[in-house]
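Working notes, structure below.
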Amino acid sequence: MLSGEIGMDPKFTPGEHVRVKTESRPGHHRTPGYVQGRTGVVAAVHGKFPNPESMAYGGNGLPEQFLYLVVFDQHDLGETFRGTRGDTVCADIYEHWLEPA
Amino acid sequence: MTRRVHDRGGWPAGPIDRTEHDLAPWEKEVDALLQTLPEDIISVDEFRRAMESMEPETYEALSYYARWVEAIESVLVEKGVLVRGELDRRMEEMDGPSA
């Protein structure tokens with residue numbers, strides 16, 4: 001597989017720790033600011049979907065990207081959360097926004 | 001990393017208003033309008049992008065479905081379905097300049 005090429009298999013697997021990349025790119029994306037730079041655990045691989053970042057501008061969204069359910073401990077998402085230890089939040093994050101943690 | 005106006009998660013936002021309220025007929029029509037417009041005229045991704053691209057002051061000032069109207073109009077202008085200002089002119093014709 002060429003470096004950077006989107007392959008047939010997901011890059012991450014359930015149970016793996018991943019960090020969400022921090023970006024200041026202009027344009028539409030589906031990665032909320034409150035998880036950027038944060039580390040969570042892959043809970044599921046949803047499959048491949050057209051990329052909304054190009055579809056937002058009339059593109060066809062190809063190549064499709066793997067989408068992951070990532071679970072974060074709420075206490076890991078910043079200082080404002082004051083709730084119960086172990087409370088989590090789940091977010092659907094595209095593969096190109098994730099790196100191994 | 002700069003947060004954009006729509007990207008609210010984790011920000012303070014005050015208490016949540018839990019009162020029940022009905023949608024006004026025009027709001028239901030806006031919802032129906034978005035559902036009815038074909039995918040190649042406006043996709044959900046283009047709609048979201050238009051919402052996010054709104055001037056922050058406009059975003060903050062408008063109600064939920066008023067933002068939808070703004071975003072839909074934006075994309076329809078991009079696609080050449082509407083001419084910028086066309087809706088405003090038509091509303092003036094119908095209601096008079098004070099509307």
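To find a chain, count down the sequence lines: A is the first, B the second, and so on, and within it residues start at 1. Source: prediction; values computed, not measured.
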d(Met55(A) CE, Arg48(B) CZ) to nearest 0.5 Å is 9.0 Å
Under 4.5 Å between side-chain heavy atoms, counting indirect links through other Ile/Leu/Val/Met/Phe/Trp/Tyr residues: same cluster for Trp26(B) and Phe47(B) or not? yes
When hydrophobic residues are tied together by side-chain contacts of less than 4.5 Å, even through go-betweens, does Met91(B) share a cluster with Tyr65(B)? no
Which residues pass the side-chain hydrogen bond (donor to acceptor under 3.5 Å, both in side chains) test with Arg49(B), not counting sequence neighbours? Glu78(B)
So which of Gly10(B), Pro12(B), Ser53(B), Gly9(B) has the largest heavy-atom pair count under 4.5 angstrom toward chain A? Gly9(B)
Enumerate by number any residue of residues 28-45 of chain B whose heavy atoms lie under 4.5 Å from heavy atoms of chain A; in the absence of such residues, state 'none'. Ser43(B), Asp45(B)
If hydrophobic clusters are built from ILVMFWY residues whose side chains come within less than 4.5 Å, do Tyr59(B) and Val69(B) share one? yes
Transitively linked via ILVMFWY side-chain contacts under 4.5 Å: Trp11(B) with Val5(B)? no
What pairs with Arg8(B) under salt bridge (charged side-chain N to carboxylate O under 4.0 Å, His left out), at least two apart in sequence or on another chain? Glu60(B)
Can you list every side-chain hydrogen bond (donor to acceptor under 3.5 Å, both in side chains) pair that touches residues 68-78 of chain A, not counting sequence neighbours? Tyr68(A)-Glu95(A)
Roughly how far, to the nearest 0.5 Å, is NE2 of His29(A) from CD of Glu52(B)? 7.5 Å
